[in-house]
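The structure under discussion appears below in the form of structure tokens.
Reminder, nothing fancy here: chain letters follow the sequence lines and each chain counts from 1.
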Amino acid sequence: MIFIHIDRIASMKHRLAAMLSLTVVSGLLLTGGVVSADSSTTATAASTKTTNQQTRLQNIISKGDQEIERRLTTLSTLTSKINAATYLTANDKSTLSSEVSSTTSGLTSLKTQLDSDTTVSSAASDVNSIYTEYRVYALVAPKVDLIKVADDQQTVQSRLTTLSQKLQTRITAEQKTGKNLSSMQSELSDLNSKVETAHSISSNIESSVINLQPSDYNTNHELLTGDNNQLKTAHSDDQAADTDAKNIVSALKTM
Amino acid sequence: MDKLDDDIKSSQKNYNPSSDFVETTLQQINNQHQTAHRRFKVWIPTLAGALVLLAIFIIIPLHDNNKSGGVFEGPSSSKSSSIQSYPTSQAAANGSSANGTNNASLTSDLNSVNNSISQESSDQSSANSALNDQSQEIAIPTD
């Protein structure tokens, strides 16, 4: 009886040991599987993230290159416009040409730098520089056109002044013959007044706009709008003065 | 030959021109000299006078015309380097009017003004377009 009992106990120990062993092995296998699954997921996620970053980097560089190229084309057009301008003063032509040239070389260098960027943050920073540092569309292009208008206007005003002096000489000569030219004299006074007002505007715009820099636009996005409106006023004055001159010349021709 | 030489020497010894002949010849030479001198005295002042008249009526007016008739000073803010040329006066160019105030001259100046106003209008339109294009300066998306 005792032997049988001992034998059962021994058998139970073996079973228990076997069960314990099975449990431990199963546990180990299970744990190992979970760990393996976790690291696989992490690796996949990291890989996906890297791929996304690379794609995003390439997209930023590509978009930036497009924007730089677009601006370089505009700057080339501006150079032609400046060189062909008839009434731009030599100083203004020199200043504008220099600005367009430096903007072109700056953007060309920026493109090289952008193309070699390896991180999204550096590429994004370079792309932001395209507009914050150069302001081709916001400042440089309209600046060239506004200065051209201001110089055109001053040419008009100078020619009107020369014509006005001749008209005055002629009117005075006609008056000495006893003719009453008071209305003509009044029209000439209006001409002179319009030219003076317009010239004041045009010369002020020329001297203020020529020195504007991208940083000025960054602090005030409306800074050119007012200037253009003033030039429109000066343009109207020039046209009115021209009408006065036409009327006087027509009247003088009848004498 | 010896005989010929003797004849020549003999002739030379016997040559004795009359004093009348010498006097007449000297008189003729003197007359010719005086005539040349008179001509010289007449022509030199005439030539000098012609040169003075040429200078007064042609050279000086042309010089003044070139100096003041075809030069235009540009905008006052940059006078030193903004000299531009344009025909101020057709009359001055053809010399029909000293002060360029005849009708042709005034019309010419008026045309010059109109040309620059046309350019001004064209450039004003370009400026308006450039200001409209400011909207192209948008932030480039980097997200």
Side chain to side chain contact (heavy atoms under 4.5 Å, CB included) for B/Glu137 and A/Leu139? Distances and angles first, verdict last. CA-CA 9 Å; B/Glu137 197 81 283; A/Leu139 181 73; over 6 Å; no
Nearest 0.5 Å please: distance from the [atom1] atom of [X] over to the [atom2] atom of [Y].
X	Y	atom1	atom2	value
B/Ser116	A/Gln157	OG	CD	9.5 Å
B/Ser121	A/Gln239	OG	CD	5.0 Å
B/Gln124	A/Ser236	CD	OG	8.5 Å
B/Asp123	A/Thr86	CG	OG1	8.5 Å
B/Thr107	A/Lys246	OG1	NZ	12.0 Å
B/Leu131	A/Tyr137	CG	OH	14.5 Å

Please give me the minimum heavy-atom distance between [X] and [Y], naming the atom from each residue.
X	Y	result
B/Ala127	A/Asp145	CA-CB, 3.5 Å
A/Lys81	B/Ser126	NZ-CB, 4.3 Å
B/Ser105	A/Lys166	OG-NZ, 3.7 Å
A/Asp152	B/Glu120	OD2-CA, 3.6 Å

Using non-hydrogen atoms and a limit below 4.5 Å, what part of [range] faces chain B?
range	answer
residues 106-113 of chain A	none
residues 247-255 of chain A	A/Val249, A/Leu252, A/Lys253
residues 68-80 of chain A	A/Arg70, A/Arg71
residues 213-228 of chain A	A/Tyr217, A/Leu224, A/Asn228

Checking A/Lys232 against chain B: side chain, backbone, both or neither under 4.5 Å from a heavy atom?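 Backbone plus side chain of A/Lys232, per the 4.5 Å heavy-atom cut-off to chain B.
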Between A/Glu67 and chain B, with a heavy-atom cut-off of 4.5 Å, which part of the residue counts as in contact: side chain, backbone, both or neither?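 Only the side chain of A/Glu67 comes within 4.5 Å of chain B.
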Heavy-atom distance under 4.5 Å to chain A: side chain of B/Ser122, backbone, both or neither?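 B/Ser122 has no heavy atom closer than 4.5 Å to chain A.
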With a 4.5 Å cut-off on side-chain heavy atoms, are B/Asn103 and A/Arg170 touching? yes
Taking A/Ala124, A/Ser94, A/Pro142, A/Gly64 one by one, which has the highest count of heavy-atom pairs under 4.5 Å against chain B? A/Pro142
